[in-house]
Amino acid sequence: MKLLLDTHLLLWAAHDPKRLTKAARALIENSESELVFSAASLWEITIKQSLGRQDFRVDARRLRRGLLDNGYAELPITSEHAINTDQLAPTHKDPFDRILLAQAMVEGMTLVTNDRKLATYPGPVRKV
């Protein structure tokens, strides 16, 4: 199963695994899971770090390299992903989360998140 991890799950998996729920850890560690990260997550980290957000104090370059070295696949943002955000109700205003969900929909992946509001969308999203 292809799993697109949202930004916080990526950060926790890489730097603070104690914050992962048992369900999240089980999915990430499952040998059947194909783990994917989005360029949108690295963009979000870079922007929020530059704004001084304490929960985004990570070197995005090192994180990317570590994810790739640990078998994660990288998903670029395409125009198809961007235009498919129009299929999403305005339930969640965060543009990064919206593009992640659109990517999951277009690519046939499951978006894995800890975000309650994001998990209310119908479709390929799973709260852990």
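Excluded from the calculations below are hydrogen atoms, water molecules and symmetry mates; all remaining heavy atoms, backbone and side chain alike, are included. Fair warning: this is a prediction, and the values are worked out from it, not measured in the lab.
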Query raised in the report: More than 12 non-hydrogen atoms from neighbouring residues, nucleotides or ligands closer than 6.0 Å to CZ on R65, yes or no?
Result: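 Yes, CZ of R65 has more than 12 neighbouring heavy atoms, counting only those of other groups under 6.0 Å.
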
Query raised in the report: Is the number of heavy atoms from other residues, nucleotides or ligands within 6.0 Å of CZ (R25) greater than 12?
Result: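 Check passes, neighbour count above 12.
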
Query raised in the report: If only atom types and distance count, is the side chain of Y72 paired as donor or acceptor with the main-chain N or O of L5 below 3.5 Å?
Result: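 Looks like no, no N/O pair under 3.5 Å.
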
[X] versus [Y]: any side-chain heavy-atom pair under 4.5 Å?
| X | Y | result |
| --- | --- | --- |
| F56 | T7 | yes |
| L3 | E34 | no |
| L63 | L42 | yes |
| K2 | E107 | no |
| P124 | L111 | no |
| I99 | S38 | no |
| V128 | L9 | yes |
| Q103 | L75 | yes |

Value rounded to 0.5 Å, distance of [atom1] in [X] from [atom2] in [Y]:
| X | Y | atom1 | atom2 | value |
| --- | --- | --- | --- | --- |
| R98 | L118 | CZ | CG | 10.0 Å |
| L68 | F37 | CG | CZ | 4.0 Å |
| L35 | M1 | CG | CE | 10.5 Å |
| L100 | H81 | CG | NE2 | 10.5 Å |
| M105 | T85 | CE | OG1 | 9.0 Å |

Requested in this report: Give the C-alpha distance, both sets of side-chain angles, the deciding distance and a yes or no for side chain to side chain contact (heavy atoms under 4.5 Å, CB included) between M109 and V36.
Outcome: CA-CA 9 Å; M109 298 178 185; V36 179; 4.0 Å; yes

Could you tell me whether [X] and [Y] have a side-chain N and a carboxylate O separated by less than 4.0 Å?
| X | Y | result |
| --- | --- | --- |
| K48 | D94 | yes |
| D55 | R53 | yes |
| R64 | E74 | yes |

Report task. Show your reasoning for whether side chain to side chain donor-acceptor pair (under 3.5 Å) applies to H8 and N114. Result -> CA-CA 8 Å; H8 276 98; N114 192 260; over 6 Å; no

How far apart are the closest heavy atoms of [X] and [Y], and which atoms are they?
| X | Y | value |
| --- | --- | --- |
| A104 | L4 | N-CD2, 4.1 Å |
| E80 | N84 | O-ND2, 2.8 Å |
| A39 | P76 | CB-CA, 4.2 Å |
| S50 | I47 | OG-O, 2.7 Å |
| V58 | H15 | CG1-NE2, 3.6 Å |

Requested in this report: Tell me, with the steps shown, if R116 and K127 meet side chain to side chain contact (heavy atoms under 4.5 Å, CB included).
Outcome: CA-CA 7 Å; R116 269 186 307 233; K127 183 178 181 316; 3.3 Å; yes

Query raised in the report: L27 and V112: side chain to side chain contact (heavy atoms under 4.5 Å, CB included), yes or no, with the steps?
Result: CA-CA 9 Å; L27 282 174; V112 183; 4.1 Å; yes

Requested in this report: Before giving the answer on side chain to side chain contact (heavy atoms under 4.5 Å, CB included), spell out for F96 and D6 the whole-Å C-alpha distance, their side-chain angles and the decisive distance to 0.1 Å.
Outcome: CA-CA 9 Å; F96 297 107; D6 82 354; over 6 Å; no

Query raised in the report: Can I83 be reached from L101 by stepping across I, L, V, M, F, W or Y side chains whose heavy atoms are under 4.5 Å apart?
Result: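 Different clusters: L101 never reaches I83 through Ile, Leu, Val, Met, Phe, Trp or Tyr contacts under 4.5 Å.
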
